[in-house]
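Shown next, in structure tokens, is the structure this report addresses.
Values below: every heavy atom of this structure, side chains too, minus hydrogens, waters and symmetry copies.
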Amino acid sequence: MGWKIALVVVGSLGLPVVNNWAGGLPIASADPGNGFMRIQDVSASLALGLMLAFPVELFTQASYRRQIRRHREEIQRLEEENRKMNVQMLREKERRGAEWLAELESSRAARKGKYSPSIKEIDSASPAEFEMTVRRLMERDGLEAEVIGGRGDQAVDVLAVNAAGQAIAVQCKHTTRGRKVDSRVLYQINGTAGAVYEAGESMVVTNGSFTRDAAEWGARHGILLIDRDTLIKWAEDADHVYQLVDLALPV
């Protein structure tokens, strides 16, 4: 029994007990003399108390269950509102992203006129000049960029930042012999891009290609890869970098 049942039972007994005690009479007696509370009275009071206690307990339990049900319904309502809000926010983000990408296509001619080096020019460049080319391509596409390359660059040659303040660490691998970039290059930038430069994205750009292991490792670890064919689209065709790799859109 709960405390409510005990309270009702005590209350049912309390009045006759207190009444006898206040009159200086024994609390209970088997003798049915005047003013005495009989044992039968105590038993009857106890039975009455129990009879009254059960409905009280049932009412209380029902009330408690109604409160729990209302709380659960309120939680479900709030969760549903939150889900709908998240869906709306996601759709709005997708809409803005689609509009932003559409604008990139319409501005291709302006990018091409601003800077569009040929792959022949890129192939004939030095490693340092290749880093400058990547920096200029980033700037042409509206990002802030600087060349970090040199001693102590810790595998990052160019650091770019988009309009949303998201940093992109880029390693540039220039080749004149068609060599393939292997996984070791990706290991290096993966270990330093975030830890050293606080970059949320890592990218490797080459005028050559990547080994199969490097391509698979980069896909598993989210490292963006620009090989020769993609570089041609970026440089000569003036595709925007966001059209070529899966970067988080700054919208």
Of all the heavy-atom pairs spanning [X] and [Y], show the shortest one and how long it is.
| X | Y | result |
| --- | --- | --- |
| T211 | S183 | OG1-N, 4.3 Å |
| A193 | S202 | CB-OG, 3.1 Å |
| L231 | F130 | CD2-CE1, 4.0 Å |
| A235 | I122 | CB-CD1, 3.8 Å |
| A169 | L159 | CA-CD1, 4.1 Å |
| I189 | Q171 | CD1-N, 3.6 Å |

Is the number of heavy atoms from other residues, nucleotides or ligands under 6.0 Å of [X] [atom1] greater than 12?
| X | atom1 | result |
| --- | --- | --- |
| E146 | CD | yes |
| R77 | CZ | yes |
| D246 | CG | no |
| R95 | CZ | yes |
| E198 | CD | no |

*Apply the test side-chain contact (heavy atoms from CB on, under 4.5 Å) to residues M138 and W234: give CA-CA distance (whole Å), side-chain angles for both, the deciding distance (0.1 Å), then the verdict.*
CA-CA 10 Å; M138 288 288 188; W234 192 18; 4.0 Å; yes

Measuring from atom [atom1] of [X] to atom [atom2] of [Y], what distance do you get when rounded to the nearest 0.5 angstrom?
| X | Y | atom1 | atom2 | answer |
| --- | --- | --- | --- | --- |
| H174 | D157 | NE2 | CG | 12.5 Å |
| L244 | L225 | CG | CG | 12.5 Å |
| I119 | D237 | CD1 | CG | 10.5 Å |
| E79 | E74 | CD | CD | 10.5 Å |
| S124 | E129 | OG | CD | 7.5 Å |
| Q188 | L186 | CD | CG | 9.5 Å |

Within the 4.5 Å heavy-atom criterion, are [X] and [Y] side-chain neighbours or not?
| X | Y | answer |
| --- | --- | --- |
| K173 | F210 | no |
| L78 | E81 | yes |
| M203 | V158 | no |
| D123 | R228 | yes |
| L137 | V241 | no |
| H221 | Y187 | no |
| V245 | E201 | no |
| E105 | Q243 | yes |

*Consider only side-chain heavy atoms of I, L, V, M, F, W and Y, link residues closer than 4.5 Å, and tell whether V196 and I223 are in one cluster.*
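Same hydrophobic cluster.
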
_side-chain contact (heavy atoms from CB on, under 4.5 Å) for R111 and L104? Distances and angles first, verdict last._
CA-CA 9 Å; R111 291 195 302 274; L104 297 183; 4.2 Å; yes

[Y] backbone acceptor or donor facing [X] side chain under 3.5 Å:
| X | Y | value |
| --- | --- | --- |
| N207 | T175 | yes |
| S107 | A110 | no |
| K233 | A238 | no |
| S116 | K112 | yes |

Does a salt bridge link [X] with [Y], judged by any charged N lying under 4.0 Å from a carboxylate O?
| X | Y | answer |
| --- | --- | --- |
| K180 | D213 | no |
| E80 | R83 | yes |
| R70 | E73 | no |

*Between R136 and Y115, is NZ or CZ placed under 6.0 angstrom from the six-membered ring centre and within 45° of the ring axis?*
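Cation-pi check for R136 and Y115: passes.
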
*Return the orientation label for the H240 and Y242 ring planes: parallel under 30°, perpendicular over 60°, tilted otherwise.*
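Geometry flag for Y242 against H240: tilted rings.
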
